[in-house]
There are 2 protein chains.
Amino acid sequence: MQAKALLKEHVLKIASITDEEFDYFFSHFKPETFKKGQSIISEGDVVDKEYFVIDGCLKAFFVNDEVKMYILQFAMPTWWASDYAALYNKTKATINVDCVSDAAILSLSNSDREKICSELHQAEHFFRWRTNKGYVAAQKRLLSFMNNDTKTRYEELLVLYPALYNTVPKHLIAAYLGVSRETLSRLYNSSK
Amino acid sequence: MQAKALLKEHVLKIASITDEEFDYFFSHFKPETFKKGQSIISEGDVVDKEYFVIDGCLKAFFVNDEVKMYILQFAMPTWWASDYAALYNKTKATINVDCVSDAAILSLSNSDREKICSELHQAEHFFRWRTNKGYVAAQKRLLSFMNNDTKTRYEELLVLYPALYNTVPKHLIAAYLGVSRETLSRLYNSSK
DNA sequence: TTCATTACGTGATGTAGATCACATTCGTAA
DNA sequence: TTACGAATGTGATCTACATCACGTAATGAA
């Protein structure tokens, strides 16, 4: 699907916006393409944009001192990604974002988002609800981390991201679940 | 501090709002008081309101099938609490909210929030940023869960909620950290 | 096609934290 | 003031998962 049509459909699920308003809204987005493995945000970068995925898959992840990687989020088409802590607070990136596959995205700068939010009430409405949903999802995942064992979280992951199974390397799945790749391997080989 | 002044100060940190607009905004909030131990939202309830804490401390928590409790959030003065998944999706509560101490709060119904957000652009702006901050905090906590051991998370907690230490029962601290009370006890008795 | 890198599987062992069990102290209501 | 339930401390086990170590299979660039 065309980038513009995909974003429009996405926005209309939340906000009432006229065709002219959407054209204006859309004019602030910039199409970009990336290759598999390419980095979009690296730790230490100044973060000025957030990204709406049209095609492909991104991952947002953190790497600790022992070079262990934790994946906060996979971003599939119609999902958003950035280092939001850095973007909102104007601090340097601590989260990385890169491409799990070739990807087509739309980028939106922080200042343009604030500009269209102040100019268009419905844009502000849209972004409020987008984050509301993100907040609920983050809280749900946190709870799952506290309450569920690895096997259960693995099964939840397959429901949330069915397209990931047999698509991305297993060690990325492990990094999302917060377990070692060895544990994940033993888990899905023994449990069926 | 007066409830109205506290909320006003809180809103003005994020949004530009005139005195008249704030008066209108505030008119949708309803003051309520609760006793220590009293329940505000119970699992299975219809959730229609969110709560802004004026005084005291609330906890938002989940109880699993084995009757083990996990605390998602403590809410201190100027913090908000509810079962947002239930509130936003109009589903039954899966999260409980109750009072760690006697508490004074302001309640705001879902429909009144949406009403003032549509009537007042600055209200929509305020709630967008409130949730933005909540989202970033939730993500940060998730990361801490994946990356840090219990002792580190315990020390983070003391920074985030210094008032909690020596104020709330230790088993609640344990329920926030996601460890057993025994483990927490050993931790802070051995580590100094 | 070859070679190197990355992904994946699996055994052996170590460890943080859960669970169970019980003793002690504290807080609050009568 | 007493008394009873809640909160806390601490030892003895048990277990899920990490880590290390190594071998094999798949992938991708020259």
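The model shown is predicted, which means the values in this text are computed figures rather than measured ones. Residue numbers begin at 1 in each chain, while the letters A, B, ... track the order of the sequences.
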Whether B:H171 contacts D:dT8 is assessed here as follows: a side-chain N or O lying under 4.0 Å from the phosphate OP1 or OP2. Is that the case? yes
Look at the side chain of A:E182 against the base of D:dC20 and say whether a donor-acceptor pair falls under 3.5 Å; ignore hydrogens and angles. yes
Side-chain atoms of A:R186 come closest, of D:dT10, C:dG17, D:dT19, to D:dT19
Of the options D:dT10, D:dT19, D:dC17, whose atoms approach the side-chain atoms of A:K68 most closely? D:dT19
Test: B:K8 and B:D19 ion pair at under 4.0 Å: yes
Hey, is the side chain of B:R181 pairing donor to acceptor with the base of D:dT10 inside 3.5 Å? no
Does the side chain of B:S180 get closer than 4.0 angstrom to OP1 or OP2 of C:dA18 through an N or O atom? yes
Taking OP1 and OP2 of D:dG9, is either one under 4.0 Å from a side-chain nitrogen or oxygen of B:K170? no
Within 45° cone and under 6.0 Å: B:R141 NZ/CZ vs B:Y176 ring: yes
Verify the contact: side-chain N or O of A:K151 to OP1 or OP2 of D:dA16, cut-off strictly under 4.0 Å; return yes or no. no
With a 4.0 Å cut-off on heavy atoms, is B:G178 in touch with a base, just the backbone sugar-phosphate, or nothing at all? sugar-phosphate
What's the closest nucleotide to the side chain of B:Y188 if the choices are D:dA12, C:dT10, D:dG9? D:dG9
Are the aromatic ring centres of A:W79 and A:F74 under 6.0 angstrom apart? no
Assign each of A:T150 and B:P169 to its nearest nucleotide of DNA chain D by heavy atoms, then name whichever residue's nucleotide is nearer the 5' end. B:P169
Quick check: on DNA chain D, is the nucleotide nearest A:K36 upstream (toward 5') of the one nearest B:V168, or the reverse? Name the residue that is more 5'. B:V168
